[in-house]
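Each chain gets a letter, A, B and so on, in the order the sequences are listed, and its residues count up from 1.
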There are 2 protein chains.
Amino acid sequence: MNAPRITRELVLDTAMRIVENDGVAALSMRRLAADLDVAVTAIYWHVGNRETLVGQLVDRVVGRFGDIAPEGAGPRERVIAVGAALRRRVHAHPHLIALVYEHGRTALMMLPAERALAREVTAAGLAPAHAALVVRAVLHHVVGFALLERAVQRSPAQHPSAAELWGDGAEIGVSPAVAAELARPADPDDLFDRSLRALVAGLLGGPA
Amino acid sequence: MNAPRITRELVLDTAMRIVENDGVAALSMRRLAADLDVAVTAIYWHVGNRETLVGQLVDRVVGRFGDIAPEGAGPRERVIAVGAALRRRVHAHPHLIALVYEHGRTALMMLPAERALAREVTAAGLAPAHAALVVRAVLHHVVGFALLERAVQRSPAQHPSAAELWGDGAEIGVSPAVAAELARPADPDDLFDRSLRALVAGLLGGPA
DNA sequence: ACCTGAACACCGTTCAAGT
DNA sequence: ACCTGAACACCGTTCAAGT
């Protein structure tokens, strides 16, 4: 009855460290075994195969997401605060988000934000069907935005460049001033804030 | 000077068929070689390694995306029409979208829709900075929405179920009626349409 | 209960050699 | 110019065997 060399927790901790340091692709059973200093097959006894291992990793990360408690005065500001908090959460775990996406656990990841939004629309007294629309539209907008940001971030160098892509805009029916604006890179934080505000304004009524 | 057994075009056609039929994971160099009835290494002469092969595949697909010519009366309806057309495009190539995402080619994929939107905001006479915001906010919303849809689609069976997740809502500060709405699965087409309309209303002004 | 080692069926890629 | 075959360094997984 010697003590086990490794435990399920130790395997998950080590796997998490590999993913956070070197990305998902670096998480192989052999690399994991090497880092744990055991034979590859020992891992299978504790966590099953790679698929279930990654599943446990995902569940651990999203399980650690606590409630979101928005600040702000009035439904609009508070709904926007929930959206911003959710985006910060996604950004805090860039590698693991890829795993969440791959494993279709996005619904689970969104749950705390979904509950927080549901509380806000309840407090605002919205009609149930409309309330559900607001919750879902904001969730989709925020998480979709964050997913897309990650994709654009690791975009290879653009060929042709944005500038020559738009030219002066004239030949494709776009005003030169608009073409010039679109040729410049966008500030993602600003874009997120303004588009979320527009969405919430459109959902809850009132001026943007 | 015998005729070559395979060509670059033939390799790409075959690779595309594998991806569309069996998904990205099924596209291995050895499977591809088998389908082409040549040695694995022959592929390398024509298209380089797997990474560049997939890159060529992506460029081919997005290159075939033509212009988007929206219908509808007035800027709001026409902007919404562009968004809906872009989503239909993404849905038409479910497997390849994963490749586009993996390879950071989303910007290229969005380009026709970006141009179409730029035309509409030009025609509507919006101020340049605001025009660019409208274009980018709609693009991000639509593509992000589509990406998220794919993730949720292949979601494993939810445990716990949506119903027991929400309960009657009371203990988490959510009204029973709202909880009941959120416990039901959403209609993605309806959600897309309504949230896009809300966003555009918030961006362009006027009632949702 | 927990771990090892051998084995199997896969990968992508390089390189010398053939025609 | 175009293709083959051998070889290398990887994968995930199963299974019998050890303690």
Side-chain angles (χ1 to χ4, degrees), chain A residues 1-60 95-96 98-99 102-105 154 156, chain B residues 1-60 95-96 98-99 101-104 154 156:
Chain A
M1 65 157 291
N2 294 323
R5 296 196 55 185
I6 58 175
T7 65
R8 204 188 81 106
E9 289 306 307
L10 183 58
V11 173
L12 291 179
D13 286 343
T14 309
M16 185 106 82
R17 207 179 55 235
I18 293 174
V19 170
E20 279 176 344
N21 289 340
D22 302 328
V24 191
L27 180 66
S28 73
M29 301 301 270
R30 285 172 152 91
R31 158 77 188 275
L32 187 52
D35 284 17
L36 286 164
D37 197 32
V38 293
V40 199
T41 45
I43 300 167
Y44 286 78
W45 199 91
H46 288 278
V47 292
N49 61 18
R50 189 178 189 274
E51 174 117 6
T52 66
L53 162 61
V54 174
Q56 288 170 271
L57 224 50
V58 169
D59 288 346
R60 162 189 278 211
H95 287 307
L96 286 158
L99 288 184
E102 272 179 45
H103 278 66
R105 292 295 223 283
R154 64 162 178 266
Chain B
M1 63 160 290
N2 294 324
R5 297 193 57 182
I6 58 175
T7 64
R8 205 188 79 105
E9 290 306 307
L10 184 58
V11 173
L12 291 179
D13 286 343
T14 310
M16 186 106 82
R17 208 180 53 234
I18 292 174
V19 170
E20 280 177 343
N21 288 342
D22 303 329
V24 191
L27 180 66
S28 73
M29 302 300 269
R30 285 171 152 92
R31 159 76 187 275
L32 186 52
D35 283 18
L36 287 164
D37 198 30
V38 293
V40 198
T41 46
I43 300 168
Y44 286 77
W45 199 92
H46 288 278
V47 292
N49 60 21
R50 189 178 189 274
E51 174 117 6
T52 66
L53 162 62
V54 174
Q56 289 170 271
L57 224 50
V58 168
D59 288 346
R60 163 188 277 210
H95 287 306
L96 285 158
L99 288 185
Y101 182 70
E102 272 180 44
H103 278 66
R154 61 163 180 266

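The phosphate of D:dC3 has neither OP1 nor OP2 within less than 4.0 Å of any side-chain N or O from B:Thr41. Distances shown here put a side-chain N or O of A:His46 below 4.0 Å from the OP1 or OP2 atom of C:dC3. Between A:Arg50 and D:dG12 there is a side-chain polar atom (N or O) within less than 4.0 angstrom of OP1 or OP2. Note on A:Arg30: every side-chain N or O is 4.0 Å or more away from OP1 and OP2 of D:dT13. Close to C:dT13, at under 4.0 Å from its OP1 or OP2, lies a side-chain N or O of B:Asn49.
Atom pair A:Glu51:CD and D:dC11:P shows a separation of 18 Å (rounding to whole Å applied). Whole-Å rounding puts the A:Leu10 CG to C:dC2 C1' distance at 14 Å. Look at CD1 on B:Ile43: it is 9 Å from P on C:dG12, rounded to the nearest Å. The CD1 atom of A:Ile18 sits 11 Å away from the P atom of D:dC11 (whole-angstrom rounding). C:dC3 atom P lies 13 Å from atom CG of A:Leu32, rounded to whole Å. Separating the CG atom of A:Asp37 from the C1' atom of C:dG5 is a distance of 16 Å, rounded to the nearest angstrom.
Contact detail for A:Ala15 and A:Leu32: the closest heavy-atom pair is N-CD1, 3.7 Å. Closest approach of B:Arg50 to B:Val24, counting heavy atoms only: NH2-O, 3.6 Å. Listed here is the closest heavy atom pair of A:Ile18 and A:Ala26: CG2-O, 3.7 Å.
Nearest nucleotide to the side chain of B:Trp45, out of D:dG12, D:dC2, C:dT13: D:dC2. Considering only side-chain atoms of B:Val40, the nucleotide from D:dC3, C:dT13, C:dC3 that sits closest is C:dT13.
Side chain of B:Arg60 to backbone of B:Met16: no donor-acceptor contact under 3.5 angstrom is found. The closest donor-acceptor contact from the side chain of A:Asn49 to the backbone of A:Thr52 lies under 3.5 Å. A donor-acceptor contact shorter than 3.5 Å links the side chain of A:Arg5 to the backbone of A:Asp37.
Comment: B:Arg31 engages B:Asp35 in a salt bridge, judged by a side-chain N to carboxylate O separation of less than 4.0 angstrom.
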Structure string for DNA chain D in dot-bracket form, Watson-Crick and G-U at under 3.5 Å, | interchain: ||.|||||...|||||.||

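DNA chain D is contacted by both B:Val38 and A:Leu27; B:Val38 maps to the nucleotide lying nearer its 5′ end (nearest heavy atom per residue). Where B:Tyr44 and A:Arg5 each meet DNA chain C at their nearest nucleotide, the meeting point lying more 5' is that of A:Arg5.
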